[in-house]
Number of protein chains: 2
Amino acid sequence: MRIILVGYGVVGKGVTSILARRYEEKFTNYGFNPKIVAIADIDGAVINPRGLSPEKLEAIKQRGYPISADPEFGHPGKTALDVIESVEAEVVVEVTPVNIKNAEPALSHITKAFKTGKHVVTTNKGPLALAMPALTELAEYNKVYLRFSGTVGGGTPMLEFAKRCLAGDKILAIKGILNGTTNYILTEMSQNRISFQEALANAQKLGYAEREPSMDIDGFDTAAKVVILANWIMNRKITLKEVDRTGIRDVSLQALDEASKRGNTIKLIGSIDGDTPTVKPMEIAKTNPLCVSGVLNAITFSTEFAGEQTLVGRGAGGMETASAVLRDLLDIRHKLATKMLR
Amino acid sequence: MRIILVGYGVVGKGVTSILARRYEEKFTNYGFNPKIVAIADIDGAVINPRGLSPEKLEAIKQRGYPISADPEFGHPGKTALDVIESVEAEVVVEVTPVNIKNAEPALSHITKAFKTGKHVVTTNKGPLALAMPALTELAEYNKVYLRFSGTVGGGTPMLEFAKRCLAGDKILAIKGILNGTTNYILTEMSQNRISFQEALANAQKLGYAEREPSMDIDGFDTAAKVVILANWIMNRKITLKEVDRTGIRDVSLQALDEASKRGNTIKLIGSIDGDTPTVKPMEIAKTNPLCVSGVLNAITFSTEFAGEQTLVGRGAGGMETASAVLRDLLDIRHKLATKMLR
């Protein structure tokens, strides 16, 4: 399987490293033979149809150069769109930074991939939040797969769990703590009795929150994940603007204290239940399995037969999210193999 | 798919009812067309090659008669072994009560099914705890499938999660609260500051514990589940006697209090990590996602790439466990369909 990797940040590096690890085992167990034939980032690209060596790229990057500075295979200034159009490959792995305003450049990368007949694995919530119904249609029209496990839960397989582990059952409602930053802030406020502003400052110091924290604390990130869950699992054709969204800026220490007296706490919950998907701070019991602390994420599926099922894990991390990309690639590989048999 | 159901207790009834529900949907989504052609219980059997009606059987049972009293299709005194041998079917669903001493009658039912070329779905831990390596070999030899999702976690898809949602990753260790009765007892002791004996008596009153509670409180049930996890997920060829097992009889209120001062509590943990699978009371942090209360079950998989993944749900219940049987039947149906294509 020939792969074009678009984006070479922490997740991109995780992908190259994870594909190289236990190579033999992947081939034996899954018939999976991945080869990264091109990597494009903001500075340019490296292209080698015979496969790129992750160690060599890492070495170039460590010396402070962009990967496109590779003397043998580098193409400084060559754009990702150019690479997707011109390089032969089966799959594009899109791991550029999230842009919730217009989803670019990821949206163009993904549509270009579809139009040139390439499957897409992405960890980028932007295009899905803004245009998931249209994108899934476009993928179908072009007879390619679109996979995005890493967009929800990081390495925690929330999407796969719902699709694969609850076969024959019916998911009636979903509730989740889907953003580690806000969960960290609320946990700090409640455990150390500090204000929202102090907790936010701590989170920024530790690198859990961005300098411009709106994406997390105003609930956009959680809402984007709610969109993906609603489309993929609940079959709703919605986008970000259909989510009723409230962030955590107005959660007061007093409200947390009062909740605590009732044995509860306040968490930013994304939920799909009834008509309008929502994101808002909600009081939940401390004994509820959904009530996880720190940067953890958790999701509860209420099912018709099997009752409530809660899945907990880290919602971020380069290697963790890269493991979701690997699972998606294996899924596409499996789907293609099954199709060939028909 | 023609099914012989062996055992007609709470799980057996759940199975007939769950198969009848949303029938059209199952057929459309999974090409699944189940037909229960025989049910055998301790009194006899009902057999109808054209499929039995769950409503009618339930009505007979409600009037206080055994199902074999059915005037049209009943066979009083006919044994399950007889039925498995003589009735044509693709799958035997074995849901008789657990027997951890010699695994009978389930063990004979399962081996008879294999020898007559029938796949088996079971929720019965006994045969697997005592003879899992031999049983999986026998299934392979007879070219049939053996599935047992309902034996661990009830309706919570712990086995499927590990197999299907962590593809490409490697599970390094497993830790779980796998028994609801002992978890209820320890939760009661710690929250209400009562002795083990009092908590056990409460659990017995509420029907969470048996009158003869050894299976739960001495850790046999948890150990049986550890055997199944070790064989199925970690590829260890072990049986019950290889598990280092300690129950909760000696957990004192004082020990729980001391743990609590450290922000911890004591849970009966089944674990597979290093060489010897163990079951024993262990101190864990109250903030650990594994630390669930009441009758809940939870399991944490430590993975190479995706970090720690914890799954929480009810570990028992007729309908919940029946949902696991349904998933297993769909899995076998899917496997058979894929094989036909090869």
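Just so it is clear: chains get the letters A, B, ... in the order the sequence lines come, proteins before strands, and each one is counted from 1.
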Legend entry - Between Leu326(A), Ile18(A), Leu296(A), the one whose heavy-atom pairs under 4.5 Å with chain B are most numerous: Ile18(A)

Inset, instruction - Specify which of Gly317(A), Ser149(A), Pro157(A) makes the most heavy-atom pairs with chain B at under 4.5 Å. - result: Pro157(A)

Inset, instruction - On the 0 to 90° scale, with breaks at 30° and 60°, tag the Trp232(B)-Phe148(B) ring pair as parallel, tilted or perpendicular. - result: perpendicular

Inset, instruction - Name the region of Asn29(B), side chain, backbone, both or neither, that has any atom closer than 4.5 Å to a heavy atom of chain A. - result: neither

Inset, instruction - With side chain to side chain contact (heavy atoms under 4.5 Å, CB included) as the test, would you mind laying out the steps for Leu166(A) and Ile171(A) before giving the verdict? - result: CA-CA 8 Å; Leu166(A) 297 170; Ile171(A) 295 172; 3.9 Å; yes

Inset, instruction - Sort Tyr30(A) into side chain, backbone, both or neither according to what part of it lies under 4.5 angstrom from a heavy atom of chain B. - result: side chain

Legend entry - Side-chain ion pair, Arg193(A) and Asp257(A), N-O less than 4.0 Å: yes

Inset, instruction - Look at atom NZ of Lys175(B) and say whether more than 12 heavy atoms of other residues, nucleotides or ligands are closer to it than 6.0 Å. - result: no

Inset, instruction - Identify which part of Leu330(B) has an atom lying under 4.5 Å from any heavy atom of chain A, answering side chain, backbone, both or neither. - result: side chain

Legend entry - Residue Ser293(A) versus chain B: region with a heavy atom under 4.5 Å: side chain

Legend entry - Cationic N near anionic O, under 4.0 Å, Arg327(A) to Asp331(A): no

Legend entry - Ion pair check, Asp221(A) and Lys125(A), cut-off under 4.0 Å: yes

Inset, instruction - Tell me, out of Gly294(A), Cys165(A), Gly307(A), Gly155(A), who's got the most heavy-atom pairs with chain B below 4.5 Å. - result: Cys165(A)

Legend entry - Asn179(A) side chain to Thr222(A) side chain, donor-acceptor N/O pair below 3.5 angstrom: no

Inset, instruction - Identify which of Arg21(A), Glu25(A), Lys286(A) forms the greatest number of heavy-atom pairs closer than 4.5 Å to chain B. - result: Arg21(A)

Inset, instruction - Could you check which of Lys170(A), Lys163(A), Gln309(A), Arg314(A) has the highest count of heavy-atom pairs closer than 4.5 Å to chain B? - result: Gln309(A)

